[in-house]
Amino acid sequence: MKISKDWLQADFAIAAEAQELSKRLTMAGLEVDGLLPVAAEFSGVVVGEVLDLVAHPDADKLRVATVNAGGEPLQIVCGAPNVAKGVKVPVALIGAQLPGLAIKKSKLRGVESFGMLCSARELGMSEDHSGLLILPADAPVGEDLRRYLSLEDVIIDVDLTPNRADCFSMRGVAREAAMLLGQDLPADFAAEQLGVQPVAVESGETVAIGNQAPQSCPQYFARVIEGVDNTRPTPLWLQERLRRAGLRTHDPLVDVTNYVMLLLGTPLHAFDAAKISGGIVIRQAQAGEKLMLINGNEAVLDEKVLLIADAEKPLAIAGVMGGLDSACSPNTQKIVLEAAWFEPVSIAGKARQFALSSDSAQRFERGVDYALQRAAMELTSRLIIEICGGRAGEVAMDVHPQYLPQRQPITLREKVIARRIGRSYETATVEKIFTALGCQIAQAAEGWLITPPTWRFDLAIEADLIEEIARVDGYDDVPNRLPQVDYQKDRQPPRPDTHVSTQLLFLGFQEAITYSFIDRASHAAFFADAPTVNLFNPISAEMAEMRLSLLPGLLNTAVYNRNRQQNELRLFELGNVFHPRGDKAVECAQIYRVAGVMSGLVRPEQWGEKARAVDFFDVKGVVEQLLGDLPVQYQRSQAAYLHPGQSADIYLAGQLIGQVGILHPQMLKTLGTKGGDFAVFELDMQALPTQYTPQFRAISKYPALRRDLALVLDKTVDAADILDCLRKEAAGLLQEAFVFDVFTGGNLAENKKSLALGLILQDQEKTLQDEEVEGIITRLVQAVNRTYGAELR
C-alpha cells in the first residue's frame, strides 16, 4: 500500500514528517519498505500557457508555440501531438535541470527555441510520453511546477500483513497514524459523517436485484446514473492521487471507483447499463460457464465462483474482476454502479484461481468494513456526476443483516495482560488505546468487555487484544524478561520428540522443516490414488493438499541439496501428517511422525576401510536405535515407493507403526535425481518410547553356547518370520538369533534359498549340557519345518 504524506495531511490532518511517521508505523507492525519521491529531481519548470501555435516552416511534425511563462512570451518549438492554443503545460525555462537533461537555447530546423514544453516522463513523474502533461485551466501561469503539484510529497510504501485489512485504504492508515501520533481525526471521519451529502435523485431509472447467494453477498447496493460522458478527462488532482498510490489512470468512471477504493477501502464497480438485461442477479456460477474478463482472458468457471450476472449472462466475478462485455467504454452513457460486501471466504483464492492480479480481491478476501458501502456509493456518485455529468437514480438495496459479521464482545482480563506482556498498564491507558482503535468498551468483573469495530476482523480472542496494547503503547516498553517456569518433577511425561530428536542428532542427522502442504503430483507419485485433505484456499497449486507423509517433502529437500553437490545427507523431520476422516477438512486425523532420509557414504572416505554407500541395514540400525527395546516385528513392505527387496513394514502389537527401506528406483527417476540410493524411514511418534531408561539385568554366570544352522526354504519366506518362530520355540533359552549368510543358486532349486543362522543359547540357572542343546536344536528345526517347510541343508 503506497501512502501519500500530503494526501494524509490534506484529507485527515495528519501532521508528521515522513521519517517520523514511517518509524511509528513500522514499530506498530505496519512495516514500511521505503520512502519514495513522487517525481524525479528537476528545477526551473513553471506553469505556462500556449498563446499561439503555428506550423514549423521546415518540419511537418513540429510546431512553433508562443508561450506565456510569467514573463515575456517565449518562442518554443514543440512536436507533441496534443499541444494546442490555450492549454496550460509545464515549461522548462533556459537553465532548467531535467532528469538527465539541461535546457539550453537551441535551434530546431532553423527555428530558435527558448525552452521546452514537457511530458510527464520528461519530468520523471510517469512513463507516459504520449503527449504533454496538460495542466488544469486554473493553473497559475508562472507558478513553480513542483510547488503547484506538491511534488515535494513523499510516498510511504507500507508492506501490509494479511491480517491488517483495515489499513488497505488512506482512511485506515489515517486512523492508525492519528492513534500512534496522538492526534485528533477530523470531525467528519466517522462512517456516518463522511461529509458526503447524498446526491439528488434526478432520474427515475432503477435496477432490480435478485440475490440468490445472500450468505456470500449479504449486502448489495446498486444505482443507475444516466447521461454520463466517459470521454471527459480525469482531473489532474485525481490522476495524481492515483499515480502516487501506484495505479494507472484509465477513464473517469474507472478512475473514480479506484479513487474511492483507495480512500475508503471499499471496492466498487461500474457496468454499462446498456449491456445489462433484466437487472442484477447475484448467484453461483454453473460448471463450465465462461466469462471474458476485462483483461482479455477467458475464465472457465465452476460452482464455487460467485458471480454478478444479469438475467442472461455473467457480468463479473464477484469482488474480483468485471467482464469485458459489460465494461464501460467511451460510448457509455448510462451506468449501473455497484457497492457490495462479500463474505471473505467466498472471494478468497479466486484471483489466484484465474491467475489475476486484483486490488478489489486483495481487499475483499481480507475483509472490508461492512459499514461503508452506502457512504462509498454516495461519494462515488457525486464524483462521477461532477466529472462526467449525469443524473442519479434511487439506490436499490439488498441487505441481509443476519449474514453480516457479528461483533461479539471479547473478555480482556487485567491480570492476563501483565502475565502475557510482562508488565501492567494503567486502566486509563488500556481504555484510551481501545477507544482510539474504535472499539466499544464496557467494564467487567476482571477487566473489560471489548467489542471490535466493523473494520477489525483480526480481533477475535483475548490474545489479539493484548497484542494491540503492546503494539500501540510501544514494543520498546515491553520488558526484556524471560518467563518464570517452575519445574516440578514427574508432573508431565517427557516429550517423545525431545528424546527422538536428541538421538538422531547424536547419530549425525540434521533436522529439516518442510511445508505441511504438497502438490497433487507428489502425492500421486508416493500414494497413487489415496484420498487427501484438500485446501479450500491454497497458497499456490504446489501447496494444494495436506501431506499424507513426511517423506515427499523431506526427499524433495534432499534432492535440492544433492543437486547442489551436497551428497552426504542425514536429514530428519518431526511433524504432523493429515489423513482424511469424514467429508470436512477439519475432521482429518493428525498423526505426529518422525521421518528420516540418508544418502551418500556411511563414513567419510579414508585409508582404513573401503568406501561404502548407505544401505538398508544402516537405516534399519537407526530405526532400531529409536525403537529401543520395543518388541516390534518386521514384515515385507507393501509401500509402493520402497524397493520391494530392501524394505520392511514395522508392526507393534499387530499395529502398523512405520516403514523402513531403500527408495524404489522408479521413485528416483520421478524425483529426477542421480547419485545413489536414498535410505528412508518413517515412524509414528506415539509408538516410540518417550525416554530411554537403562534396566538392570543380571549377567548369567553360566556359559553360552553357539550353534549354527543352514536351512533350505522357499525364497518367499522372510528371515524375520524364521527368527520369530525360533524365539517362541526356545522358551527363553535363545538369547540371540541372527542371519549371517543367504545363498541361492548352485545345487539349490530355483525357488529355494539357504539361510545361515547363528543361535546363542544360555540358561540363567544352570550349564546347558550337549544332550540338552541337541534336543533344543531338534525342536527348533522341527518347528520351522512344520511351520515354513524349512529343512536342514
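Owing to the predicted nature of the structure, the values given are computational and were not obtained by experimental measurement.
The 12-atom threshold is not exceeded at NZ of Lys290, counting heavy atoms of other residues, nucleotides or ligands nearer than 6.0 Å. Within 6.0 Å of the CD atom in Gln606, the count of heavy atoms belonging to other residues, nucleotides or ligands exceeds 12. The environment of Tyr702 atom OH is dense: over 12 non-hydrogen atoms of other residues, nucleotides or ligands sit within 6.0 angstrom. Residue-environment remark: OH (Tyr515) stays at or below the threshold of 12 foreign heavy atoms within 6.0 Å. For Arg283, the CZ atom counts as densely surrounded, since its 6.0 Å shell holds more than 12 non-hydrogen atoms of other residues, nucleotides or ligands. Within 6.0 Å of CD on Gln565 lie no more than 12 heavy atoms contributed by other residues, nucleotides or ligands. Sparse packing is recorded around CD of Gln638, with 12 or fewer heavy atoms of other residues, nucleotides or ligands lying under 6.0 Å away. At most 12 heavy atoms of other shown residues, nucleotides or ligands fall within 6.0 angstrom of atom CD in Glu750.
Side-chain contact between Leu569 and Met598: absent, with no pair of heavy atoms (C-beta onward) separated by less than 4.5 Å. Using a 4.5 Å cut-off on side-chain heavy atoms (C-beta onward), Ser599 and Val614 make no contact. Using a 4.5 Å cut-off on side-chain heavy atoms (C-beta onward), His643 and Gln666 make no contact. Val320 places none of its side-chain heavy atoms less than 4.5 Å from the side chain of Phe364. A heavy-atom distance below 4.5 Å is not found between the side chains of Glu573 and Val597. With a 4.5 Å cut-off on side-chain heavy atoms, Lys350 and Met321 do not count as touching. The side-chain heavy atoms of Leu759 and Phe738, taken from C-beta on, include no pair separated by under 4.5 Å. Contact of the Leu574 side chain with the Ile513 side chain is not registered, since no non-hydrogen atoms from C-beta on lie closer than 4.5 Å.
In this structure, the separation between CZ on Arg366 and CZ on Phe457 is 13.5 Å, given to the nearest 0.5 Å. Distance check: Arg562 CZ to Leu555 CG gives 9.5 Å after rounding to the nearest 0.5 Å. Expressed to the nearest 0.5 Å, how far CG of Asn534 lies from NE2 of His523 amounts to 9.5 Å. Note that CD1 of Ile662 and NE2 of His664 are 12.5 Å apart. Values are rounded to the nearest 0.5 Å. Remark: Leu306 CG to Phe342 CZ distance equals 6.0 Å, nearest 0.5 Å. The structure places CG of Leu663 at 5.0 Å from CG of Leu668, a figure rounded to the nearest 0.5 Å.
Taking 4.0 Å as the cut-off between side-chain N and carboxylate O, Arg603 and Glu568 do not count as a salt-bridged pair. With respect to Glu511 and Arg570, no salt bridge is recorded, no charged nitrogen being found less than 4.0 Å from a carboxylate O. The existence of a salt bridge linking Lys620 and Asp618 is excluded, since no basic side-chain nitrogen approaches an acidic carboxylate oxygen closer than 4.0 Å. Ion pair Lys753/Asp714 not flagged as a salt bridge, since none of the NZ, NE, NH1 or NH2 atoms sits closer than 4.0 Å to an Asp/Glu carboxylate oxygen.
A donor-acceptor pair shorter than 3.5 Å can be found between the side chains of Thr161 and Asn163. Side-chain atoms of Arg547 and Thr514 include a donor-acceptor pair closer than 3.5 Å. A side-chain donor-acceptor contact under 3.5 Å links Ser549 and Glu682. Checking Asp302 against Gln353 by side-chain atom types alone, a donor-acceptor pair falls below 3.5 Å.
One N or O on the side chain of Thr787 and one on the backbone of Ala783 form a donor-acceptor pair closer than 3.5 Å. No side-chain donor-acceptor contact under 3.5 Å links Asp684 to the backbone of Ala687. Under the 3.5 Å distance criterion, the side-chain polar atoms of Ser700 are matched with a main-chain donor or acceptor of Asp763. Panel note: side chain Asn297, backbone Leu293; no donor-acceptor pair is recorded below 3.5 Å.
Partners of Phe527 by ring pair (Phe, Tyr, Trp, His ring centres under 6.0 Å), not counting sequence neighbours, listed by chain and number: Tyr641.
Both tests pass for Arg564 against the ring of Tyr560: distance under 6.0 Å to the centre and angle within 45° of the axis. Geometrically, Arg706 engages Phe740 in a cation-pi contact defined by less than 6.0 Å to the ring centre and at most 45° from the axis.
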With salt bridge (Lys or Arg N to Asp or Glu O under 4.0 Å) as the criterion, how do Lys766 and Glu772 come out once you've worked through the C-alpha distance, each side chain's angles and the decisive distance to 0.1 Å? CA-CA 12 Å; Lys766 63 179 181 178; Glu772 190 175 3; 3.3 Å; yes
Start with the C-alpha gap between His579 and Val577, add the side-chain angles, then the distance that decides, and say whether side-chain contact (heavy atoms from CB on, under 4.5 Å) holds. CA-CA 7 Å; His579 288 195; Val577 299; 4.0 Å; yes
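Closest heavy-atom contact between Gln284 and Ala213: OE1-CB, 4.0 Å. Considering every non-hydrogen atom in both Phe509 and Gly596, the closest pair reads CE2-CA, 4.5 Å.
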